[in-house]
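One structure is given here, and the rest of the page talks about it.
Each ligand, and each atom within it, is numbered from 1 in the order the structure gives. Counting from 1, the numbers follow the sequence of the chain as shown.
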Amino acid sequence: MGIGSGSADEERSLTQSWELQDRAVAAIPGGSQTGSKQPSQFVQGVSPSHIARAKGSRLWDPDGNEYIDCNAALGPIILGHSDPTVTEAVANQLEAGTVFTMEHPLQVEVAELVIDMVPCAEKVKFAKNGNDVTTLAAKLARAYTGREVIATQGYHGWGDVWMANGNLDAGIPEGLGEKTAGFSYNDIESAEAIFEEHEGDVAAIVTTPVNNTPPEDGFLEELRELADREDALLVFDEVLTGFRSSLGGAQERYGVTPDLACFAKAMANGYPLSALAGRADVMDGLEGDGFFYSMTNAGEAASLAASEATLTTLRDEPVHEEIREIGEQLKEGIADLIEDAGLTDVATVGGFPQRFSVGFTDEADISVGEDESASRLLQSLFMQEAHERGVLYTGSHMPTYSHTEEDVELILEAYGECYDVVAEAIEADAVADRLRGEPIGAGIRERIGGDA
Ligand code: PMP
């Protein structure tokens, strides 16, 4: 068994990656389009800089090195890369055209599928990215309620409304931050406090329904009651959870129905499509007096074809059961490996089988340079070893329908060796010395508290 040409013992060429990275940094601010894909988020010089192609659970870098995928392109891939059913649907649509003077019928069909699947969805509006629909939800909530403050928790995108009162507020007019107030997950009192401080002016509670941890008993119900009591809207950001854990998202799983919900990532298996869904009377506010929303490519038919193929596959095949099974096997296997390597104090695995994190704490007794943290150094070493063994570890794990039991075995075999390397390096207090490239930088994930 082995993963393509990637093996810790074999000489792995990365010359194409290095050349592309230099060109990327020269031509593109930050070297990438997505915060979590910036070069600083990987072990530079050891991690591949780009992915040239992918199929199922496997990816190939520009030098031809093969990897098993672990984080599904930050969430969009649910069936597997270049899934044959989705690819065929898109290919047929490409023959038939993609955007027209009027909308394509698929727009109606996919809207109806979402309405059938998602508890809160009485009407649906499409867009392209998660941020499009979370920002639209906030604007709609303000217009619908005639109030201004958005109570929020979690990452919802790069828009002014989400970034106005944090440490990434450059370019945002002063004062806007007063209209967005943050609360903490699983802490209903912190949400209630926003309503006290901004009495009669909170338009909506916008929250990710699950974080890496599940909602504590009653938390989502309490948010629902709070919104109802205060005549505010409850909005679930299901950009990540939507269609991943179940057909109806976290709102179905936990039995709490929001007024509006935002979907993106998994709904089209890698094609750009997002959706705002919700109560008909609220959604009709999109056509309310003085409200404007429009997007040239929102009804683009190739992505809608991808979504129809993805959603019907999710509905008709045991995708969620199999993903859960693969995720459970991996989580349990990784927990055992951590124990075997004697790393229970410093290594962690946690979250849901459909999306879990494998990381490190700051507890290790190792030398750490200025501007560094023990957890980031250990994660860098683990990432280096995993990438060299052909496992595309980034921390977050999202199994797909294309992952097999063999993939699980290969990942666990590689991770077992990675933990041994980490344990030995801690023992020798030589973690930084063992790194063959720049460690992961204090990047965007830490600044926003999630994947961007
Ligand atoms: N909401 C959540 C929960 C997300 O995870 C993300 C992206 N990671 C977004 C919103 C923003 O989505 P996009 O990057 O597609 O705009």
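A salt bridge links D259 to R279: one of the charged nitrogens lies within less than 4.0 Å of a carboxylate oxygen. Taking the charged nitrogens against the carboxylate oxygens, R324 and E328 have no contact shorter than 4.0 Å, which rules out a salt bridge. Between R315 and D116 there is no salt bridge, since no side-chain nitrogen of the basic residue lies less than 4.0 Å from a carboxylate oxygen of the acidic one.
Considering only non-hydrogen atoms, atom 13 (P) of ligand 1 lies nearest to G130 out of S274, G130, A264, G242.
Residue N131 has at least one heavy-atom neighbour below 4.0 Å for each of these atoms of ligand 1: 11 (C), 12 (O), 13 (P), 16 (O).
For the pair D237 and ligand 1, a heavy-atom separation below 4.0 Å is found. Within the structure, the closest approach of K265 to ligand 1 falls below 4.0 Å when heavy atoms are considered.
The part of T208 lying near ligand 1 is the side chain, judged by heavy-atom distances below 4.0 Å. At a heavy-atom cutoff of 4.0 Å, ligand 1 is contacted by both the backbone and the side chain of N129. The backbone and the side chain of Y155 each have at least one atom closer than 4.0 Å to an atom of ligand 1 (non-hydrogen atoms only).
In this structure, K139 satisfies the cation-pi test against F291, with its NZ or CZ atom closer than 6.0 Å to the six-membered ring centre and inside 45 degrees of the ring normal.
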(request) Could you check E192 against R229 for side chain to side chain contact (heavy atoms under 4.5 Å, CB included), going step by step and ending with a plain yes or no? (result) CA-CA 11 Å; E192 285 166 348; R229 196 162 65 235; 3.9 Å; yes
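For ligand 1, the polar-atom distance check against H156 finds no nitrogen or oxygen pair separated by under 3.5 Å.
Ring-plane geometry between F219 and Y185 is classed as perpendicular, the angle between the planes exceeding 60 degrees on a 0 to 90 degree scale with a lower cut at 30.
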